[in-house]
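What follows is a set of notes on a single structure, which appears directly below.
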Amino acid sequence: MSSKLGGKAKPLKAPKSEKKEYDETDLANIQKKKDEEKALKELRAKAQQKGSFGGSGLKKSGKK
């Protein structure tokens with residue numbers, strides 16, 4: 001007697017979410033968030049081009 005109970009069970013499909021209705025304040029907040037993310041991406045790109053931030057990190061005194 002063989003059965004199909006062995007092995008991994010397939011995950012159930014999530015129901016499709018309906019498109020939400022946004023009012024003007026929601027749209028403004030979404031746009032603001034996108035603008036902030038875009039600005040952060042640009043800042044990160046600039047920071048990577050310049051190298052390390054704040055100098056050389058921990059400085060050693062030279063004494064032993």
Set of side chain to side chain donor-acceptor pair (under 3.5 Å) partners for Thr25, sequence neighbours left out: Asp23
Excluding Ile30, membership of its hydrophobic cluster (Ile, Leu, Val, Met, Phe, Trp, Tyr; side-chain heavy atoms within less than 4.5 Å) reads Tyr22, Leu27
Rounded at 0.5 Å granularity, tell me how far CD in Glu18 sits from CD in Glu21. 10.0 Å
Could you note down all residue pairs passing side chain to side chain donor-acceptor pair (under 3.5 Å) where residues 28-43 supplies at least one of them, sequence neighbours left out? Gln31-Asp35
